[in-house]
Amino acid sequence: MSTSTPDTTPDDAAWAINLFTAALTLTAFICLDSWLIDTTGTRLALLAAAVTVVAERTVDPRPALGCAVLAFALGNGFLQNHTGNLVWSASIDYPFTLALFGGAALGLSLGQARLAWRRHRLMHPFRMLLDDVPVPGADRPSRGRREYTPTGRRDPGGRA
């Protein structure tokens with residue numbers, strides 16, 4: 001009988017928080033999108049671009065794919081049909097689905113590239129190598145300098 005504790009890492013909560021934040025962002029974006037733009041194709045393209053941005057910022061496939069599925073349901077129901085009905089229209093929904101999941105994949109790739117670039121900028125391999133090289137004579141005191149102990153008396157060995 002094992003008495004193990006459940007594995008709860010900060011990553012478990014982070015993706016759920018990212019998904020919730022993405023859902024709120026997409027809902028607000030859809031409201032603005034339906035209010036400001038008249039054509040259906042432009043609305044859906046902007047929604048796919050929003051999914052790309054969310055996926056790029058989260059850099060986690062779970063919120064990115066959850067966001068894409070949510071965007072499909074909201075986009076199909078409210079941006080395309082205006083009544084909340086989910087209806088499959090092949091001429092619109094195939095390109096919309098491909099744009100959403102392609103945008104999620106593109107956003108994840110861009111996010112990974114952004115993180116790799118950030119890690120590359122922070123890495124200084126030559127400085128690290130030079131910091132490890134000992135300087136000749138750094139462990140000996142200089143001849144011209146007097147070394148004193150904390151009491152103020154001269155150390156007969158020449159060392160502090």
Side-chain angles (χ1 to χ4, degrees), residues 1-140:
M1 181 171 168
S2 87
T3 57
S4 63
T5 59
D7 184 23
T8 56
T9 60
D11 184 48
D12 292 338
W15 77 266
I17 291 170
N18 285 335
L19 180 61
F20 180 72
T21 305
L24 288 178
T25 304
L26 282 179
T27 304
F29 185 79
I30 286 173
C31 291
L32 285 174
D33 199 12
S34 64
W35 182 52
L36 296 175
I37 298 173
D38 294 329
T39 60
T40 303
T42 308
R43 288 179 181 176
L44 298 178
L46 287 175
L47 185 58
V51 168
T52 303
V53 170
V54 166
E56 191 270 335
R57 298 310 301 169
T58 60
V59 194
D60 188 1
R62 294 173 290 192
L65 292 177
C67 184
V69 169
L70 178 68
F72 176 77
L74 291 174
N76 190 349
F78 295 106
L79 293 183
Q80 184 178 343
N81 297 323
H82 304 292
T83 57
N85 294 334
L86 295 176
V87 179
W88 184 261
S89 172
S91 63
I92 296 174
D93 288 335
Y94 278 132
F96 180 49
T97 305
L98 289 175
L100 284 176
F101 290 112
L106 177 66
L108 288 172
S109 300
L110 290 174
Q112 288 293 330
R114 177 179 52 85
L115 289 179
W117 178 254
R118 182 183 295 166
R119 282 190 300 266
H120 175 71
R121 274 193 342 209
L122 294 176
M123 189 173 85
H124 303 289
F126 293 112
R127 274 193 214 152
M128 290 169 43
L129 286 174
L130 290 176
D131 288 344
D132 290 342
V133 174
V135 178
D139 56 344
R140 300 180 270 167

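What's counted below: heavy atoms across the whole structure, side chains too, no hydrogens, waters or symmetry copies.
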Problem - Donor-acceptor under 3.5 Å (T42 side chain, D38 main chain) - result: no

Completion exercise
Separation between CZ (F96) and OG1 (T40), nearest 0.5 Å, reads 10.5 Å

Exercise for the section: Compare all side-chain heavy atoms of V54 with those of P63 and state whether any distance is below 4.5 angstrom. Expected result: no

Problem - Close side-chain approach of I92 and Q80, heavy atoms under 4.5 Å - result: yes

Practice task
To the nearest 0.5 angstrom, please state how far the CG atom of L108 sits from the OG1 atom of T58.
Solution key: 6.0 Å

Handout entry: Candidates V69, N76, L70 - the one meeting side chain to side chain contact (heavy atoms under 4.5 Å, CB included) with F72
Key = N76

Fill in the blank from the handout: Here the gap from C67 atom SG to L47 atom CG, rounded to the nearest 0.5 Å, amounts to 8.0 Å

Exercise for the section: Only pairs at least two apart or in different chains count here, so list each salt bridge (charged side-chain N to carboxylate O under 4.0 Å, His left out) that has a residue in residues 97-118. Expected result: E56-R114

Exercise for the section: Using modelled atom types only, decide if a donor and an acceptor are shared between the side chain of R43 and the backbone of I37 within a distance under 3.5 Å. Expected result: yes

Fill in the blank from the handout: When every non-hydrogen atom of A104 is compared with those of A55, the smallest separation belongs to O-CB, 3.6 Å

Practice task
Give, for atom CG of L79 and atom CG of L46, the distance between the pair rounded to the nearest 0.5 Å.
Solution key: 9.5 Å

Practice task
Hey, could you give me the OG1/CG distance between T52 and L110, rounded to the nearest 0.5 Å?
Solution key: 8.0 Å

Practice task
Take the angle between the ring planes of W88 and Y94 and call it parallel below 30°, perpendicular above 60°, tilted in between.
Solution key: perpendicular

Problem - Nearest atoms (heavy-atom pairs only) where A71 meets L26 - result: CB-CD1, 4.0 Å

Exercise for the section: Verify, without hydrogens or angle tests, whether D93 (side chain) and S89 (backbone) share a donor-acceptor contact under 3.5 angstrom. Expected result: yes

